[in-house]
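Since the structure comes first, as C-alpha cells, the remarks are kept for the end.
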There are 2 protein chains.
Amino acid sequence: MRIALDAMGSDRAPAVEVEGAVGALRERPDLELILLGDGEAIEAELSRHKGVPRDRVRVVHTTQVIHASESPATAVRRKQDSSIVVGVRMHRDREVDAFVSAGSTGATMAASLINLRPLPGVDRPAVGTDLPSEAGHVLLLDMGANVDVKPHHLHQFAHLGTIYAQDLMGVKDPRVGLLNIGEEAEKGNELTLEAHQRLAADPDINFVGNVEGRDIVRGKCDVVVCDGFVGNVLLKFYESVASFFAKLLLEEMQKQRIYLDLSDLYRRLDYTEWGGAPLLGVNGVTIIAHGGSPPHAIRNALRVAARAVEAGMVDHIARRLQGRAEPPSAT
Amino acid sequence: MRIALDAMGSDRAPAVEVEGAVGALRERPDLELILLGDGEAIEAELSRHKGVPRDRVRVVHTTQVIHASESPATAVRRKQDSSIVVGVRMHRDREVDAFVSAGSTGATMAASLINLRPLPGVDRPAVGTDLPSEAGHVLLLDMGANVDVKPHHLHQFAHLGTIYAQDLMGVKDPRVGLLNIGEEAEKGNELTLEAHQRLAADPDINFVGNVEGRDIVRGKCDVVVCDGFVGNVLLKFYESVASFFAKLLLEEMQKQRIYLDLSDLYRRLDYTEWGGAPLLGVNGVTIIAHGGSPPHAIRNALRVAARAVEAGMVDHIARRLQGRAEPPSAT
C-alpha cells in the first residue's frame, strides 16, 4: 500500500503532516508514504521524530504551493510543480494507490477531476464528510464541491454515499435521506422535489425519504444527500457551534468552579478524529483533510485512504454507476 | 396595545399558550390579549391560573385548526374559521396591533400574505430568527418562507433584517453578511454571486461581505441573509446539535459523577428564550413561535410583537423599501 501525502496543505505544514505520517507508518507496517513538498523542511521535520521507518518514506521535492485563496482551476493549471498536482499525477500514473491533502479543497478536487477523471456514469464527483450522530456516524455529501447541482446529481451522490457507507462505515444496506425542509414528498425547492422522485423510484437506493436539518445528527439514516452549498454551510456551522458550546461550557465550569474532563466529549464531536473527506466518483482515491487538521486527523485521513484502497471502493462505485450516466440533454 | 394570540398552535395547545399569555399580561399592564381557538378549552386553562386580569383577556371561539401537515395555501383558503385565519383577519381589520402563532409557519405566512399583503417594494416577505452568538445575537433570514429565491429577494431580506436589527435588537448600523461558501466575492452559487454584487453596490446596507457557516455564531455581523431552504435546514440543525451536545454532556457528567448546573447554558443556547420569529415585509406584525414552544417562549413572542408595534417597525420597513420594487421582468 503506497499513499502520496501533500505535506504542504495544512495551516501548520509540514510539521502536522509529518507527525501524522509518522503515526500512520507506525500503525500500518505495510504502508509506504510519499511526502510531497519543500524537501528540506520535510526532512527537518522527519529528523525531529525518533524511529521513523525511513525505508517506507520517500520525500519528493516540489517547488510550488497552492493557497486556499487562489482560483483552483487557474492554480492547478499554472502550478504544475505544486505538491497537489504532482501528488495527483503520481496517483494517475499508479505510482501510488491514493492521494491525501489538507490543502485547498478546490485545487485538490480540480487536480483530481483533470487527472484522475470522473468514473463513467458520474457527472459530478462529490466530497463526503463523516459526522458524529446519536447513532454513531452519518455521511453527508456533497460538502462543497458542487454548488449548483441538478436533481440527477443528487441522485448520483446517493449512489456514491451508499458505496462509501458500505465499504468504509461497514453498513450493509445504508439508509439514504434527502436533506430537505420537510418530511413530506411535496416539501422542498425545485431541486429537492425532483430529486425526491428520482430517489424514491430507484430500487438500488435504500431511500428513507426527506430528512430535515434536525435529523442529521439523530441517526435516522446513514447517508444524507444535499447540494454542495448547503453541505458546506452546514459543516462550517457545525464546527463553530461545537466550539461555541465548548466556550460557554468552560465559562460555566469556571463560574461554578467545577471541572469536567471534556476530552472524550471533544473527541466525539470532532469529526476530523475519524475524518478525512473522500472525493467520491473519480477514478482514484483522493482524501481531503481539514486545513486546521491536527496530526491525528492527518493520520486518520491516511487510514481512510488505505481502507478505501483495500475495500476496492473505486471499483465498487464504477460497477454500480456504469451505464447510469444522464443523457447530455438532462445535464 | 392589543395582540391576537393563536391558542391552538403549539404542540401542547392551548395550555402553553394560555400560560404564556398570563405571563405576558402580568409583565405588561398595558397589554390586552385576544385568545383564539377552542373557547371551552381556553377558558378551562385560564381558570387554572390565579389572578388573571380578565378585563384584559378576551376569548374568541374558532372552530377549526390548521395542522402542520396540511398544505398551507389550501388550509388557509378552506379553513376560514381557523384560529390562524381569524387572528390574521382581526389584525388586517386593525382590531389588534399584532398576531402571534406557534402553529403552522406556512399557514401563518400564507394567511398574512393574503390578508395583510406585502408592503410596497417587498416581493417576498421573510421569516427572521434571532440566534445566540458569541457577540450576543444574530438575526438570520430567511428561515423557511422562501425556498427558491432570486438575488433581488436576498437584497430585500438585507433591508428587512437591517430594520429589524435597528428596531428590535437595538443595533444602530447593523452589519449585514451574505451566507456563502467562501469570503471572497467570487465564491458561491449563481444566487449568491449576483446577490453579493447587489448588496455591495447598495449604500443603504452596511454590507460586510460574504460570511461562511462558521461565522454565524461568531458575531461577525448582526444580520445574516440566506435563502429559506438553507435557513430552515440550518435552524433545525442548530436545534438538534444543541440537544445532541447536551446529551453527550449529561453522559459525561454521569460517567465522571460531577454535576454542573446547566440551566444558564441552556438558556443562552435556547433561541426561543428571546425568540419569536417575525414575518418581515408584510403590512402588519406577525410573529411565529416554535411549535415546541414552552410558555416562556410564547411570552417572549408576545414581547417581541409588542416591541415591534411600539418601535413602528412596519412603517420603518415601508419607508425604506418604498420605490425599491423590482421591475416585473426581473422577478
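Residue numbers begin at 1 in each chain, while the letters A, B, ... track the order of the sequences.
A salt bridge is absent between A:R268 and B:E252; no separation between the charged side-chain nitrogens and carboxylate oxygens falls under 4.0 Å.
For a residue to count as touching a neighbouring chain, one of its non-hydrogen atoms must lie under 4.5 Å from one of that chain's; by this rule A:S71 does not touch chain B. The contact between B:A68 and chain A is made entirely by backbone atoms, counting heavy-atom distances below 4.5 Å. Neither the backbone nor the side chain of A:E186 comes within less than 4.5 Å of any heavy atom of chain B. The part of A:I216 that comes within reach of chain B is its side chain, from C-beta onward, which places non-hydrogen atoms under 4.5 angstrom from that chain. Contacts of A:N180 with chain B are made by both backbone and side-chain atoms, with heavy-atom separations under 4.5 Å.
Most heavy-atom pairs under 4.5 Å with chain A, from the set B:D215, B:I258, B:L262, B:D261: that is B:D261. Put simply, of B:Y259, B:F244, B:Y238, the one with the most heavy-atom pairs under 4.5 Å next to chain A is B:F244. By number of non-hydrogen pairs under 4.5 angstrom with chain B, the leading residue of A:K236, A:E251, A:R218 is A:K236. Between chain B and the residues A:E239, A:K255, A:K247, the most heavy-atom pairs under 4.5 angstrom are made by A:K247.
A:V241 is not listed as a side-chain neighbour of B:F237, based on a closest heavy-atom distance of 4.5 Å or more. Within the 4.5 Å cutoff, the side chain of B:F245 has heavy atoms near those of the A:L249 side chain.
Once rounded to the nearest 0.5 Å, the distance linking CZ of B:F229 with CG of A:L191 reads 7.0 Å. To the nearest 0.5 angstrom, B:M143 atom CE is 11.5 Å from A:I181 atom CD1. Between atom CD of residue A:E212 and atom CG of residue B:L235 there is a gap of 11.0 Å, rounded to the nearest 0.5 Å. Here B:N232 contributes atom CG and A:R214 contributes atom CZ; the two are 8.0 Å apart, rounded to the nearest 0.5 Å. Distance check, rounded to the nearest 0.5 Å: CG of B:D148 to CG of A:L193 gives 8.0 Å.
Shown here for A:N189 and B:V147, the closest heavy-atom pair between the two residues is CB-O, 3.7 Å. The shortest non-hydrogen separation linking A:S240 to B:V217 is OG-CG2, 3.6 Å. Nearest heavy-atom pair across B:E184 and A:S69 is OE2-CA, 4.3 Å.
Atom CD of B:E190 sits in a sparse spot, with 12 or fewer heavy atoms from other residues, nucleotides or ligands closer than 6.0 Å.
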